[in-house]
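Every chain is numbered from 1 and lettered A, B, ... according to where its sequence line falls, protein lines coming before strand lines.
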Amino acid sequence: MAWMQPKGDLIQAKPQGLYCKAGDFYIDPLGPVEHAVITHAHGDHLRAGSAKYYLSSACTGVARRRLPAEAQLRPMHYRERIALGETRVSLHPAGHILGSSQVRVEHGDQVWVVSGDYKRDPDPTCELFEVVPCDVFISEATFALPAYRWPETSKVALEILDWWHTNRDNGVASVLFAYALGKAQRVLAELFSHTSDSVYVHGAVESLVDAYREAGICMLATLPATVAAPTDYAGALIVAPPSAAGSAWMRRFGEHRTGFCSGWMRIRGDRRRRGYDRGFVLSDHADWPSLLRTFSETGAKRIFLTHGYTDAMCRYLQEQGINADALRTEYGAEE
Amino acid sequence: MRRFAELFESLDTTTSTAAKIEAMSAYFLAATPENAAWAAYILIGRRLKGSVGPALLRKWLFEEVQLPAWLVEETYASVGDLAETIALLISNKDALQPADISLTQWFTARILPLGAQEESERRQHIVGWWHSLPYRECFLVNKLLTGSLRVGVSRSLVTRALASALDLPRIEIERSLMGPWEPSADFWQTLGKNNGSLGNSHPYPFYLASPLQQQPAELGDRRQWLAEWKWDGIRGQIVRRASQSALWSRGEELITERFPEIIAAAAALPDGTVLDGEVLAGSASRILPFASLQQRIGRKKLTAKILNAIPARFIAYDLLEFEAIDWRPRPLVERRAQLERLIQGAALPVMSLSPALLHGSWEELAIARDEARARGVEGLMLKEWRSSYGVGRQRGAWWKWKNDPFLFDGVLLYAAPGHGRRSNLYTDYTFGVWLAGALVPITKAYSGLTDTEIRRLDGWIRKHTKEKFGTVRSVDPVQVFELAYEGIAKSSRHKSGIALRFPRIVRWRTDKPAEEANTVRDLQQVLALHNGA
Ligand SMILES: [Zn+2]
Ligand SMILES: [Zn+2]
């Protein structure tokens with residue numbers, strides 16, 4: 001990268017992840033560190049091996065399932081302030097998945113906020129994104145192209161329902177692929193107000209549904225998709241992680257249609273390339289208008305972008321006279 | 001229009017052939033005759049003349065969005081489709097469902113009149129649609145405007161759906177759809193029904209061979225099959241009726257005026273004759289490579305000089321109509337015998353019969369196929385003697401047994417994002433070979449890797465970019481790929497001086513260092529061996 005981050009910056013992009021020297025902690029580190037502040041429990045943000053994890057209380061249920069038993073967790077309520085080194089750190093809802101947080105770091109007279117992954121759309125499985133005023137905002141940019149504008153979630157939920165019912169009328173199963181953590185539970189929660197049928201879930205989804213239920217989230221009743229006879233699945237909805245597509249596990253469903261819930265489904269080329277029968281535009285990340293709105297609402301004088309279409313967004317912001325740069329990180333494009 | 005948009009959506013979102021046919025058939029059954037005719041017209045890929053070109057739409061898009069031009073450009077590169085980019089950037093997310101306007105109305109009252117309008121008026125209409133229509137309809141209207149609705153249905157799927165909706169034989173449907181026709185209620189009412197009254201120059205649908213994937217011996221007794229060279233020209237149909245001749249290409253284009261010598265010769269055929277064959281460049285003694293034929297087609301004006309330098313000829317394969325009777329249901333052995341008599345009787349210098357290969361066994365034929373390239377042909381055709389003349393690519397009776405391709409190893413030099421379904425990935429590659437210690441670009445290739453390999457390579461490209469030129473990236477020249485191609489010709493337009501035909505990737509040679517890739521000299525040797533064949 002041609003651009004070098006100034007040495008004095010409170011939070012620095014290091015090979016191990018975002019590092020705050022004044023507080024001696026990492027945010028979502030890639031490898032083992034002493035103090036890890038975690039934005040959320042997705043695999044590219046929460047990794048095993050660190051000595052101590054700071055995370056939101058709402059995140060602990062899932063984190064416990066994903067970390068070894070001996071891992072030391074320090075749950076924090078949203079907006080609770082703790083001292084780490086010379087800094088004061090608090091977590092604030094990011095609206096991405098259950099327990100997802102933005103990290104606010106205060107040092108002297110500066111406030112920095114690391115967004116983690118976030119969205120602005122309402123989601124029954126997690127608290128709505130909170131605008132945290134700051135001097136420097138470090139944001140994700142997964143969908144930072146103007147083509148990404150999300151339709152209303154309620155409309156998408158109805159599309160899913162419609163698709164399922166059409167397949168049911170034709171006597172075939174509907175296999176809906178959604179990331180096992182977050183998206184799958186959001187779909188089950190969105191459908192809750194439309195039907196009282198139960199839904200089959202893949203094993204990887206099941207344990208996380210349990211964690212969400214323990215956190216008090218209302219979702220459709222679920223059954224494990226372990227029954228062997230394909231006749232049982234005719235007309236049923238099955239929620240599975242995308243990794244199950246094309247696997248031997250799919251054989252049990254007999255004749256079926258496949259659908260995929262993701263922001264990437266906004267683009268026809270992606271819908272077709274991935275070979276699902278249907279694509280539903282449902283994302284847990286901020287779309288283009290939401291990113292811009294968030295940058296402006298935080299009042300930040302500097303914007304850093306961590307992952308996604310960072311180049312495009314940087315250039316756009318710079319042309320608007322906003323101080324913006326891309327940080328090199330290793331977060332993924334999965335949702 | 002809404003119903004058609006729904007049809008488009010279901011065609012676009014399923015990969016099952018049966019489901020596609022069912023969706024189209026259901027649409028045809030429910031639609032008014034007029035709308036059904038328009039839908040058929042669009043689905044088989046007919047284009048409207050004089051609709052608005054992509055250049056204008058692009059210009060207006062840039063003017064309409066409140067975004068910097070480079071960002072629109074980048075979004076377009078990532079989406080890969082202009083109609084869709086417009087819909088993604090402009091369509092009205094909160095549009096109340098506007099009143100539905102029928103597909104016919106869209107064309108007759110809105111799109112066709114654009115042709116006679118001033119640019120400013122056209123702009124006003126089209127931009128107005130962009131802002132008022134919801135995403136799906138906005139996208140579709142743009143597709144109709146640019147006349148390129150690629151929705152993954154082949155012509156044969158559409159005709160199967162039509163046959164099922166209308167309960168008529170597909171062969172008759174195909175026949176009606178050949179040549180020029182206007183979408184209208186009248187057309188729909190007669191579709192596939194009174195083909196007897198079709199115009200004089202109306203051609204028949206072509207029968208296409210499928211690639212032979214099994215061993216030829218599995219076809220059974222060699223004596224049951226006609227073997228011919230697979231000529232490398234333009235598949236064509238000569239229609240001689242009412243003292244007039246027409247020449248049609250396989251793409252259903254009337255190419256009569258492009259080949260005056262063939263048309264002049266066709267005058268010697270009796271009325272009520274239709275021949276299937278291949279248009280080639282060259283003389284009876286020397287067939288010229290396909291590149292020459294292309295050169296001739298490319299000329300706007302056919303001067304005496306070019307007619308002399310690149311003469312055209314017609315090699316006849318089959319007899320579809322004789323004495324004004326449709327001969328297609330008769331067995332090939334019978335059609336071929338009559339064709340022979342006809343061609344020999346006419347004794348025309350520019351028209352000959354495609355010779356039957358007499359090699360008595362499959363083994364001997366295989367040897368002949370190995371020599372095919374030296375003769376400038378693409379391989380062999382195998383046709384069952386008892387077969388009738390089918391429609392489209394019906395498997396079983398006609399096979400093409402192609403030459404093995406040429407192979408070479410090239411180094412990946414540049415990559416660009418793909419279009420359409422691959423617009424987020426780097427899938428358009430440029431490969432180089434060695435020339436005097438440096439790598440020079442030799443060809444582009446788009447296909448041949450698996451989706452997993454494409455994603456892996458995409459990741460590698462992003463990490464090993466040397467420079468960016470617009471959407472194109474140059475990469476570290478270390479990845480070697482085995483490439484296949486079907487033909488090679490001299491070219492002044494390429495830096496290497498060589499142009500390859502139908503290049504594609506065979507495999508990723510992760511085992512080979514770049515130094516071991518081929519050289520320009522290697523390819524020149526192949527060229528020297530096969531040039532002028
Ligand atoms: Zn995430
Ligand atoms: Zn992430």
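Distance CG/A:D270 to OG/B:S78: 7.5 Å, rounded to 0.5 Å. Between the CG atom of B:L89 and the CH2 atom of A:W288 there is a distance of 10.0 Å, given to the nearest 0.5 Å.
Heavy-atom neighbours of B:E22 CD from other residues, nucleotides or ligands within 6.0 Å: at or below the threshold of 12.
In this structure, A:E319 and B:W70 have side chains that are in contact, with non-hydrogen atoms separated by less than 4.5 Å. Between A:L145 and B:L71, the closest side-chain pair of non-hydrogen atoms falls below 4.5 Å. In this structure the side chain of B:V79 never reaches within 4.5 angstrom of the side chain of A:R266, judged on heavy atoms.
With hydrogens and angles ignored, the 3.5 Å screen pairs no side-chain donor or acceptor of A:R268 with any backbone N or O of B:E84.
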Would you give me the side-chain donor-acceptor pairs under 3.5 Å for residues 238-246 of chain A, sequence neighbours excluded?
none

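Contacts of B:L67 with chain A are made by side-chain atoms alone, with heavy-atom separations under 4.5 Å and no backbone atom involved. Heavy atoms of B:A87 lying under 4.5 Å from chain A belong exclusively to its backbone. Only the backbone of A:Y276 comes within less than 4.5 Å of a heavy atom in chain B; its side chain stays farther off. Proximity to chain B (any heavy atom under 4.5 Å) is shown, for A:R257, by neither the backbone nor the side chain. Residue A:R271 touches chain B through its side chain alone, counting heavy-atom pairs closer than 4.5 Å.
Cation-pi geometry between A:R149 and B:Y135 is not met: the NZ or CZ atom fails to fall both under 6.0 Å from the ring centre and inside 45° of the normal.
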Checklist entry - Yes or no on salt bridge (Lys or Arg N to Asp or Glu O under 4.0 Å) for A:R278 and B:D12, after CA distance, side-chain angles and deciding distance? => result CA-CA 9 Å; A:R278 272 297 288 273; B:D12 204 33; over 6 Å; no

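Shown here are the salt bridge (charged side-chain N to carboxylate O under 4.0 Å, His left out) partners of B:E63, two or more places apart in sequence or in another chain: B:R123.
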